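What you see below is based on every heavy atom in this structure, not just the backbone, and it leaves out hydrogens, waters and symmetry mates. All chains are named by letter (A, B, ...) in the order of the sequence lines, taking the proteins before the strands, and each is independently numbered beginning at 1. The model shown is predicted, which means the values in this text are computed figures rather than measured ones.
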Amino acid sequence: MITPYNPAAIEKKWQKIWADAHAFEAEKSHDKPKFYGLIEFPYPSGAGLHVGHPRSNTALDIICRKRRMEGYNVLYPIGWDAFGLPTENYAIKNHVHPAKVTQKNIDHFREQLKKIGFSFDYSREVNTTDPKYYKWTQWIFLRLFERGLAYKAEMPVNWCTSCKCGLANEEVVGGVCERCGGEVVRKVKSQWMLKITDYAQKLLDGLDEVDFIEKVKVQQRNWIGRSEGAEVDFAVAGSDRKIRVYTTRPDTLFGATYMVLAPEHPLLDEMKDRIENWDEVLAYRAQAARKSDFERTELQKDKTGVELKGLKAVNPVTGREIPVWASDYVLVTYGTGAIMAVPAHDTRDWEFAKKFGLPIVEVVAGGNVQEAAYTDVADGVLVNSGFLNGLRVAQAKQTIIDFLEEKGIGSRKVNFKLRDWVFSRQRYWGEPIPLVHCDKCGWVPVPESELPVLLPEVDNYEPTDSGESPLSVIDSWVNTTCPHCGGPARRETDTMPQWAGSSWYFLRYIDPHNDDAFAAMDELKYWLPVDWYNGGMEHTTLHLLYSRFWHRFLYDEGYVPTPEPYRKRTSHGMILGANGEKMSKSRGNVINPDDTIDEIGADAFRLYEMFMGAFDQAIPWSTEGARGCRRFLERVWRLQEMLSDGEGHSKGLETLIHQTIKKVSEDYEKMKFNTAIAQMMTLVNEFYAAGRITRGDLRTLLLLLDPVAPHIAEEMWQQCGLGEPIYRQQWPKWDEDKLQEATVEIAVQINGKVRGRVTVPAGMSREQAERELPQLPEVQRLIAGKTVKKIVCVPGRLLNVVVG
RNA sequence: GCCGGUGUGGCGGAAUUGGCAGACGCACCGCACUCAAAAUGCGGCGGAUUUUCCAUGCCGGUUCGAGUCCGGCCACCGGCACCA
């Protein structure tokens with residue numbers, strides 16, 4: 001009799017052995033080929049680990065354990081993305097320092113992760129709130145500042161006039177403050193910005209060089225939002241002022257029957273003496289400013305606007321005077337903040353024209369522009385367009401742009417939807433921005449020797465009434481001297497957003513204890529790029545884009561050796577509650593990993609997380625399913641009872657063993673963990689059917705199972721005396737010649753329908769099969785009395801006889 | 001509205017890319033073991049009017065053969081959303 005399977009004991013045992021042996025620490029030497037596997041480092045929240053974390057972690061743990069067995073030097077690090085609001089809010093509420101809360105949460109997370117047996121290299125842990133870490137976050141910021149990529153600008157925020165504080169869009173309901181009911185306006189506030197827009201094209205082009213799952217690429221491309229068009233100048237009648245517009249449809253210029261400016265467009269103020277209804281325009285502008293982004297997008301898209309009476313623009317190709325309107329359907333933040341309206345061929349312009357009775361002139365034939373805007377560009381032909389008449393849209397675009405450039409009234413232009421990154425937060429728990437402001441010298445960077453600029457101790461982390469950072473009230477910290485002229489100066493009191501620390505953490509893992517640089521170049525050259533990065537879709541346009549931006553900047557500055565940080569990016573699906581809904585405390589469907597591990601063990605938990613369904617898809621949790629995985633491990637455990645001597649194969653199972661090695665090896669690489677596990681289950685079922693298993697076959701099974709369920713694999717390996725621990729073993733190989741049985745069963749179809757099966761020798765050629773198989777008595781019986789018209793054979797699969 | 005994804009048994013899901021639909025697991029049912037139950041083992045498990053027929057969201061097409069390809073819809077999920 002063997003001892004019962006006791007996961008609690010063996011998991012603890014092996015976790016200690018691995019830790020004592022430093023089994024999973026990356027080797028210092030650069031002799032072996034390297035593999036850098038990365039998962040998104042967790043935010044150590046007070047709630048502890050979620051079942052979603054282990055899904056990503058286990059997946060790459062499987063890949064990394066397999067890579068080690070394949071002879072790679074593997075870096076699989078872990079760290080803590082620890083700055084952020086939840087911790088700060090908890091600290092405020094409970095009067096504890098956020099650093100203390102953070103430390104406690106990290107300790108809890110680490111303990112939870114260790115219980116699951118991930119093969120992380122804990123000797124390289126990073127923590128974004130550690131001054132030794134954020135020194136380098138600040139250092140990178142200063143490099144950006146030096147290159148003019150960090151700048152301070154006035155940006156509109158939602159401002160509650162009663163609370164005197166900025167609000168998130170979600171906090172504005174019906175144009176009033178959610179908390180106090182006070183009026184909310186857009187207030188322009190001075191903020192630090194990062195010029196990610198300078199990198200729009202590089203970030204777009206870089207996507208062609210990397211192996212990211214397609215939907216990540218698509219989402220990033222959409223977010224960057226490149227469009228090609230032209231800028232065109234329209235003269236203001238009776239003035240030398242011009243209105244510049246951006247359009248993707250310069251071919252429709254003859255159909256531009258009015259213009260629209262964003263309410264915030266500077267021309268309004270410039271021309272206010274000529275605008276006859278200025279009061280009305282001001283009222284409209286105020287009304288537009290009151291709308292939050294939420295209202296502008298979520299509520300009605302009903303067009304509103306006001307004509308700028310007394311102002312006319314001149315269509316540069318028709319020479320006609322056209323009216324000029326202001327409307328909030330034109331955004332001041334995109335293009336030039338002004339458009340030429342072509343109601344016949346743009347849906348929004350069409351709606352606006354219909355509402356306000358503006359003329360609609362068809363310039364591309366093919367639709368009925370009184371009924372709807374005709375926006376098809378594929379096969380339209382230009383009409384009512386002077387020298388463009390008869391041209392197709394694509395040709396017309398070329399022709400008109402050449403014409404505009406020649407006349408000096410327009411030019412080709414590429415625009416991006418991507419906006420610069422608002423980098424300021426008026427909060428305590430973030431990296432201080434390492435700049436001081438001097439009245440004489442302006443913004444001056446803190447010298448590198450004085451980094452890090454430490455977060456000062458404060459008594460109160462609460463946001464201030466003025467909406468300034470809590471740091472702004474600590475005079476002793478704020479007041480300093482200018483590093484440039486030595487005169488009095490004030491520190492920047494805003495902190496960085498949470499995305500700062502996570503934009504480069506994968507670089508610090510490479511050389512985490514380096515005090516002279518964020519990482520040494522020879523280490524970076526060896527380890528970069530990250531070979532495989534798995535994470536959530538929710539970070540596609542935030543973290544993933546930001547970190548690509550920082551990395552690309554560091555590359556351009558010569559600090560890192562690769563233009564892209566990540567070679568391959570995959571994405572896991574969300575784990576839903578048993579009811580198919582998103583897990584949340586309020587829905588009461590949260591599964592706690594600790595409870596599950598206590599019940600079924602870490603190996604079964606890991607196994608279930610990988611078996612439950614396709615890795616990239618959202619899957620509901622099933623406690624029964626998880627127990628089924630525990631059952632499978634029990635079955636594996638009891639294979640010890642039927643262990644027979646011999647390194648060879650269990651009778652009749654040689655083919656299946658080789659098939660399993662191949663399938664598991666390949667499926668792991670494709671992240672098809674569910675089918676890899678199914679294949680191992682099939683194999684185990686066969687051992688049971690045979691009633692015995694050889695040592696050789698058990699060896700193979702345990703090696704294949706180890707990446708998913710490492711504790712049980714190591715324990716059985718040891719108990720059966722199979723040698724050195726598995727983490728030092730080699731990954732098994734399959735033999736191509738042994739993948740096929742000597743005979744195969746093929747389906748016999750008559751007119752495409754299965755009518756029978758025959759067993760034939762494997763490896764028959766198509767010609768031989770088509771000649772010989774129809775002669776078999778089983779087949780003859782099926783086609784008796786019919787005229788054979790055609791025979792189709794797929795070797796090893798089927799024979800289809802087409803009869804008349 | 002635009003972009004992307006997904007629709008297969010009671011459930012989670014398989015299916016060499018056009019070749020035996022439902023692997024593997026869950027749930028359920030039966031049998032063995034047991035005084036009994038649990039656990040375990042073995043077997044069954046899409047539907048029906050069962051020699052055959054119908055079944056992969058719906059309608060049509062291509063093909064010897066379609067879950068897979070083509071055309072047209074529908075539903076759900078995710079992202080973006082007045083981006084000119």
Side-chain angles (χ1 to χ4, degrees), chain A residues 4 214-219 221-223 225-227 229 245-250 252 256 260 262 293 296-298 300-303 327-331 333-342 345-349 351-352 415-419 537-538 540-541 573-574 576 578 580 582 607-608 611-614 616-629 631-632 634-635 638 663 666 672 674-685 688-689 691 745-757 789-803:
Chain A
E214 199 52 30
K215 65 176 172 179
V216 168
K217 287 191 182 186
V218 167
Q219 253 186 53
R221 285 194 188 107
N222 288 345
W223 189 261
R226 182 190 152 100
S227 74
V245 302
Y246 173 70
T247 177
T248 55
R249 295 293 305 276
T252 62
V260 187
D293 282 349
R296 276 174 92 136
T297 59
E298 295 294 321
Q300 72 252 14
K301 288 188 180 170
D302 234 17
K303 299 286 180 289
S327 170
D328 64 3
Y329 87 89
V330 173
L331 309 175
T333 47
Y334 184 76
T336 61
I339 62 157
M340 65 176 207
V342 185
H345 305 291
D346 180 277
T347 313
R348 296 149 303 181
D349 297 344
E351 283 170 13
F352 192 82
N415 261 332
F416 296 93
K417 287 187 198 172
L418 188 69
R419 296 295 146 73
M537 280 306 289
E538 71 274 19
T540 301
T541 51
M574 220 185 338
L576 308 171
K582 204 173 161 174
L607 186 75
Y608 177 60
F611 181 64
M612 62 195 300
D616 58 351
Q617 240 129 73
I619 302 291
W621 183 267
S622 158
T623 301
E624 293 303 326
R627 287 190 188 125
C629 286
R631 240 180 334 255
F632 169 67
E634 297 272 5
R635 268 166 85 76
R638 286 195 310 273
K663 176 130 184 88
E666 292 177 350
K672 295 180 74 170
N674 53 339
T675 49
I677 293 163
Q679 180 71 23
M680 289 188 278
M681 288 173 167
T682 303
L683 181 63
V684 169
N685 289 344
Y688 270 78
E745 189 186 63
I746 65 165
V748 180
Q749 296 184 337
I750 304 298
N751 291 344
K753 302 212 172 200
V754 180
R755 285 291 178 267
R757 280 160 232 275
K789 282 189 176 161
K790 187 176 179 184
I791 289 175
V792 183
C793 184
V794 181
R797 308 214 116 235
L798 61 75
L799 175 76
N800 186 17
V801 185
V802 185
V803 298

query: Does A:Val216 reach the side chain of A:Met537, with side-chain heavy atoms less than 4.5 Å apart?
result: yes

- request: Specify the separation, in whole Å, of atom OH of A:Tyr334 and atom C1' of B:rA81.
  value: 13 Å

- line: Heavy-atom closest pair (A:Pro620 atom, A:Met612 atom, distance to 0.1 Å) is O-CE, 3.7 Å

task: Measure the distance from CD1 on A:Ile339 to P on B:rA84 and round it to the nearest whole Å.
output: 11 Å

- line: Taking every heavy atom of A:Leu799 against every heavy atom of A:Cys793, the minimum-distance pair comes out as CD1-CB, 4.0 Å

Would you tabulate the pairs of protein nitrogen or oxygen atoms and nucleotide nitrogen or oxygen atoms of nucleotides 62-67 of chain B closer than 3.5 angstrom?
| residue | atom | partner | partner atom | Å |
| --- | --- | --- | --- | --- |
| B:rC64 | O2 | A:Asn800 | ND2 | 2.2 |

Cation-pi check, A:Lys303 onto A:Tyr329 ring (under 6.0 Å, within 45° of axis): yes

- request: Find out whether A:His345 and A:Thr252 are in side-chain contact, i.e. whether some heavy atom of one side chain is under 4.5 Å from a heavy atom of the other.
  value: yes

message: Nearest whole Å is fine: how far is B:rU6 P from A:Leu576 CG?
response: 16 Å

message: Within the 4.5 Å heavy-atom criterion, are A:Val342 and A:Arg249 side-chain neighbours or not?
response: no

- line: Rounded to whole Å, the CD-P distance (A:Glu214 to B:rU6) equals 13 Å

task: Using the P atoms only, state how far B:rG72 lies from B:rC2, rounded to an integer number of Å.
output: 14 Å

- prompt: Where does B:rU50 land, syn or anti, once you apply the within-90°-of-0 test for syn?
  reply: syn

- prompt: What distance, rounded to whole Å, do you find between the two C1' atoms, one in B:rA81 and one in B:rG19?
  reply: 44 Å

task: Take atom C1' in B:rA39 and the same atom in B:rU34, then report the distance between them in whole Å.
output: 11 Å

task: Take atom C1' in B:rA75 and the same atom in B:rG30, then report the distance between them in whole Å.
output: 39 Å

field: Base-paired stems in RNA chain B, each at least three Watson-Crick or G-U pairs under 3.5 Å
entry: B:1-7 with B:74-80, B:10-12 with B:24-26, B:28-32 with B:40-44, B:46-48 with B:52-54, B:57-61 with B:69-73

field: 4.5 Å side-chain heavy-atom contact, A:Tyr334 and A:Lys417
entry: yes

What protein N or O atoms touch nucleotides 11-15 of chain B N or O atoms at under 3.5 angstrom, if any, and at what distances?
| residue | atom | partner | partner atom | Å |
| --- | --- | --- | --- | --- |
| B:rG12 | O2' | A:Met612 | O | 2.4 |
| B:rG13 | O3' | A:Asn674 | ND2 | 3.4 |
| B:rA14 | OP1 | A:Asn674 | ND2 | 3.2 |
| B:rA15 | OP1 | A:Lys672 | NZ | 2.9 |

- line: Only residue of A:Val801, A:Leu798, A:Val802 satisfying side chain to side chain contact (heavy atoms under 4.5 Å, CB included) with A:Gln749 is A:Leu798

- prompt: Can you check the A:Asn222 CG to B:rG1 P distance for me, whole Å?
  reply: 18 Å

task: Could you pick out which residue, A:Tyr246 or A:Ile677, lies toward the 5' side of RNA chain B when each is mapped onto its nearest nucleotide?
output: A:Ile677

task: Could you check if a side-chain atom of A:Ile677 sits within less than 4.5 angstrom of a side-chain atom of A:Leu607, using non-hydrogen atoms only?
output: yes

message: Does B:rA84 have its OP1 or OP2 closer than 4.0 Å to a side-chain nitrogen or oxygen of A:Ser227?
response: yes

task: Search all heavy atoms of A:Thr541 against all heavy atoms of A:Gln219 and return the closest pair with its distance.
output: CG2-O, 3.9 Å

- request: May I ask you to decide whether A:Glu634 forms a salt bridge with A:Arg631, counting only side-chain N to carboxylate O separations under 4.0 Å?
  value: no

task: Apply side chain to side chain contact (heavy atoms under 4.5 Å, CB included) to the pair A:Ile619 and A:Met574, showing each step before the final yes or no.
output: CA-CA 7 Å; A:Ile619 302 291; A:Met574 220 185 338; over 6 Å; no

field: B:rG13 and B:rU17, which share atom name P, separated by this distance in whole Å
entry: 24 Å

task: Would you sort out whether A:Ile339 and A:Asp346 count as a side chain to side chain contact (heavy atoms under 4.5 Å, CB included), showing the intermediate values?
output: CA-CA 11 Å; A:Ile339 62 157; A:Asp346 180 277; over 6 Å; no

message: Whole angstroms only, please: what is the CD-P distance between A:Glu634 and B:rA38?
response: 17 Å

task: Kindly label the base of B:rG12 as syn or anti, based on whether its glycosidic torsion lies within 90° of 0.
output: anti

statement: Winner on side-chain proximity to A:Leu798, out of B:rG79, B:rC24, B:rG19, is B:rG19

query: Between A:Asp328 (CG) and B:rA81 (C1'), how many Å, whole number?
result: 15 Å

Check: protein-nucleotides 41-49 of chain B nitrogen or oxygen pairs below 3.5 Å:
| residue | atom | partner | partner atom | Å |
| --- | --- | --- | --- | --- |
| B:rG41 | OP1 | A:Arg635 | NH1 | 2.6 |
| B:rG41 | OP1 | A:Arg638 | NH2 | 2.9 |

Close N or O pairs between protein and nucleotides 55-57 of chain B (under 3.5 Å):
none

field: Protein-nucleotide distance (A:Glu351, atom CD; B:rG1, atom P), rounded to Å
entry: 12 Å

message: Counting the atoms with a prime plus P, OP1 and OP2 as sugar-phosphate, which does A:Gly628 contact under 4.0 Å by heavy atoms, base, sugar-phosphate, or nothing?
response: sugar-phosphate

message: Would B:rU49 be called syn or anti here, given the cut-off of 90° from 0?
response: syn

- request: In sequence, state the C-alpha distance, the side-chain angles, and the governing distance for A:Asn800 and A:Ile791, and then conclude on side chain to side chain contact (heavy atoms under 4.5 Å, CB included).
  value: CA-CA 6 Å; A:Asn800 186 17; A:Ile791 289 175; over 6 Å; no

- request: For nucleotides B:rC45 and B:rA38, find the distance between their P atoms and express it as a whole number of Å.
  value: 23 Å

task: Apply ring-ring contact (aromatic ring centres under 6.0 Å, His included) to A:Trp621 and list each qualifying residue two or more places apart in sequence or on a separate chain.
output: A:Tyr608

task: Flag the pair A:Lys663 / A:Thr675 as yes when at least one side-chain heavy-atom distance between them is below 4.5 Å, and no otherwise.
output: yes

task: For B:rC35 and B:rC24, measure between their C1' atoms and round to the nearest Å.
output: 37 Å

- line: Closest heavy-atom pair, A:Asn674 versus A:Gly613, reported as atoms and distance to 0.1 Å, is ND2-C, 3.7 Å

query: Contact class for A:Arg221 vs. all strands (heavy atom < 4.0 Å): base, sugar-phosphate, or nothing?
result: nothing

message: Assess whether a salt bridge exists between A:Arg221 and A:Glu214, defined as any Lys/Arg side-chain N lying under 4.0 Å from an Asp/Glu carboxylate O.
response: yes

- request: Among B:rA84, B:rG19, B:rC26, find the nucleotide with the atom closest to the side chain of A:Glu624.
  value: B:rC26

query: If you pin A:Trp223 and A:Arg627 to their nearest nucleotides in RNA chain B, which one's is more 5'?
result: A:Arg627

query: Given the P atoms of B:rG71 and B:rC3, what is the spacing between them in whole Å?
result: 15 Å

- request: Please work out whether B:rU17 sits syn or anti, treating a glycosidic angle within 90° of 0 as syn.
  value: syn

task: Ignoring hydrogens and angles, answer whether the base of B:rC80 and the side-chain atoms of A:Lys417 contain a donor-acceptor pair closer than 3.5 Å.
output: no

- prompt: From the list B:rA23, B:rG19, B:rG4, which nucleotide is the closest neighbour of the side chain of A:Lys215?
  reply: B:rG4

- prompt: Does any N or O in the side chain of A:Asn415 come within less than 3.5 Å of the main-chain N or O of A:Ser227, such that one atom is a donor and the other an acceptor?
  reply: no

